[in-house]
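Here is the structure we will look at, set down as structure tokens.
Below, read A as the first sequence line, B as the second, and so on, with proteins coming before strands; counting in each chain starts at 1. What you see below is based on every heavy atom in this structure, not just the backbone, and it leaves out hydrogens, waters and symmetry mates.
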Amino acid sequence: MLEKKEKHKRDTGLRPLENVGDKGVVMRFAPNPSGPLHLGHARAAYLNDYYIRQYGGKYILRIEDTDPKRVSEENYQLVLSDVKWLGIEVSDIIYQSERMDIYYDYCEQLIAMGGAYLCTCDAEIFRDLKNTKQACPCRNHTVPENLSLWKDMLAGKFEEGQITVRVKTDIEHPDPAMREFSIFRIVADTPHPRCHARVYPLMNFSVAVDDHLLGMTHVIRGKDHIANTRRQKYIYDYFGWEQPTYFHYGRMSIEDIVLSTSAMKAGIASGEFTGWDDIHLGTLRAIARRGFSPEAVRNAMIDIGIGQTDINFSWDNLFAANKAIVDPIASRYFFVPTPVLCHISGATEHIAHPLVNPNDEAQGTRSLRFTGAVYLPGDELEDGKMLRLKDLFNVRVTETPDGFSLEYCGDSLDAARTEHARIVQWLPREQALRCMLHTPEGTIEGLCEPVVTRELNAVVQFERVGFARIDEVSETGVSAYFAHK
RNA sequence: GCUGAUAUAGUGUAGACCGGCCAAUCAUGCAGGACUCUCACUCCUGCGACUGGGGUUCGAAUCCCCAUAUCAGCACCA
């Protein structure tokens, strides 16, 4: 039994969790609504989701919207719809902006027990003191003084930047990151779309309070939070709470893709990108548009796992994961890139019936009627070569001063095989629809089967070209996005 | 500068906590082959890695130290 478990563990990739309670685990996905979700978010979302599915329990979607400068009404919707696309098992949605009173209350408690003080020092001055392990004068406030300042802060008696609440840690802590960090600030002039606050908790406070109140058993987040975990320990200790079990996964860099929200925003504003779903971006919307399924992203992320090592995200691995999902179900069609119209002499009318999916004959066939002229991929035309038009017949190519002339040379597949003729995709002159195939490297103009129009939003395989998602169809043409080979 | 972490094939990952069964797993990629009316799928074969140096030990990918490289934090962002 144990041996079996060991083996299973390896198959699924992620190591088992310790400290799992009777009711399973409570974990969270906690995005900040400052833009749409991207592949980096997907990793956090799926790693947590993996364990919820494994052990049962609760998966809390916590919207961390305590910085009014970074949130907007539009972004909430983006995040929610992206979460939906991910298909994770969310049991509750919490908005931190609705919990301000809770944070204020706990802050007051923390002040009352001497764990925090109000600091009116200028941020830069404080930083210099902190860097030389010196306490600022505010650290000596008495508890009543602090409580009174806290009330004044809440009452609006200070301007933005004039006062902050700091946790009393250890001003001589060897790690400068641990010394007396801030947990509340004033944001005066930026209204919050969802609450009427002026005093906002900083992440280390709201996260610690919420993780405890919501009963988190395990937290999986990026290693940029390692220091925060240790800072939050001070808060847990003051309140006598027990910290959850943490995992901090490493940095993931992604080649050839724009990931930072600010860079994306700038690019969209300048017109470099068409929008959040521009295929040069690493947003989930872009990934979806290119024809990747959430399951493929999930599998790729679980495969990457939870390690602290910094990694290079590999498109190859995502391609393979997506292919595994899409190949069995994608309908096959002909797409002819850089098409050349060719007349074929010596052939009678034929109707070809290529399989919609060669691995599943039940999906039927499509039919292409040859009446004398076809479009062929320009790259395949070469003087003297025999070509096999897939599911149709063989032709001999001759180069002439004004192009290529093709001559019918039999139906025999065996003949084509013995001559090592390439089997190529083709389209009848009468059954060819304009098709723009967009790839991150550029757009390929071509033609496709007219029935592709019924595949809107589906991923198809253009034979010998690759998988693509049909993004737009009209009577005059099709727009498709290339996923991978 | 200070603090903390990480380092296994081209890429990702297992093994490291509890040293030997690891001349190192699986996937992906690449190369070759079989199958196939797609350069897809499936199948077979092959390629390819323990950052470096010391130490502990009968024995080290695994423990310790140093070096190097990379990353993170040191915000009144998350």
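- A:Phe467 comes within contact range of the sugar-phosphate backbone alone, with a heavy-atom separation under 4.0 Å but no base atom that close.
- At a threshold of 4.0 angstrom between heavy atoms, the contacts of A:Leu413 include nucleobase atoms, whether or not backbone atoms are also involved.
- Between B:A23 and B:C50, the distance separating the two C1' atoms is 12 Å to the nearest Å.
- The separation between A:Asn312 atom CG and B:U6 atom P is 19 Å, rounded to whole Å.
- Residue A:Arg464 has its side chain nearest to B:C39 when only B:G12, B:C37, B:C39 are considered.
- Residue contacts shown for A:His225 include a base, since a base heavy atom lies under 4.0 Å away.
- Here A:Arg251 lies in heavy-atom contact (under 4.0 Å) with sugar-phosphate atoms only.
- The nearest pair of heavy atoms linking A:Asn19 to A:His218 is O-CE1, 3.3 Å.
- Aromatic ring orientation, A:Tyr95 versus A:Tyr76: tilted (interplanar angle from 30° to 60°).
- Residue-level contact check: A:Arg127 touches the backbone only, with heavy atoms under 4.0 Å from sugar-phosphate atoms and none from bases.
- Backbone-only engagement by A:Asn32 is indicated by non-hydrogen atom pairs under 4.0 Å involving sugar-phosphate atoms exclusively.
- For the P atoms, the distance linking B:C30 with B:C39 amounts to 15 Å, nearest Å.
- As judged by a 4.0 angstrom heavy-atom cut-off over every strand, A:Ala123 is placed among the base-contacting residues.
- Scanning all heavy atoms of the two residues, the minimum distance from A:Val336 to A:Pro377 falls at CG1-N, 3.3 Å.
- For A:Arg231 and B:G73, the shortest distance from a side-chain N or O to OP1 or OP2 is not below 4.0 Å.
- Residue-level contact check: A:Asp67 touches the backbone only, with heavy atoms under 4.0 Å from sugar-phosphate atoms and none from bases.
- Among the atoms of the strands shown, none is found under 4.0 Å from any heavy atom of A:Pro328.
- Note on A:Lys69: nothing from the nucleic acid sits closer than 4.0 angstrom, heavy atoms only.
- At a threshold of 4.0 angstrom between heavy atoms, the contacts of A:Ser34 with the nucleic acid are absent.
- Residue A:Arg53 places its CZ atom among more than 12 non-hydrogen atoms of other residues, nucleotides or ligands, all under 6.0 Å distant.
- Nucleic acid contact class of A:Leu355 (heavy atoms, under 4.0 Å, all strands): none.
- Among the heavy atoms of the strands, none lies under 4.0 Å from A:Gln425.
- Using a 4.0 Å heavy-atom cutoff across all strands shown, A:Glu380 reaches at least one base atom of the nucleic acid.
- Distance check on atom P: B:A9 versus B:U25 gives 13 Å, rounded to whole Å.
- The side chain of A:Lys390 approaches B:C37 more closely than any other nucleotide in the set B:C71, B:G12, B:C37.
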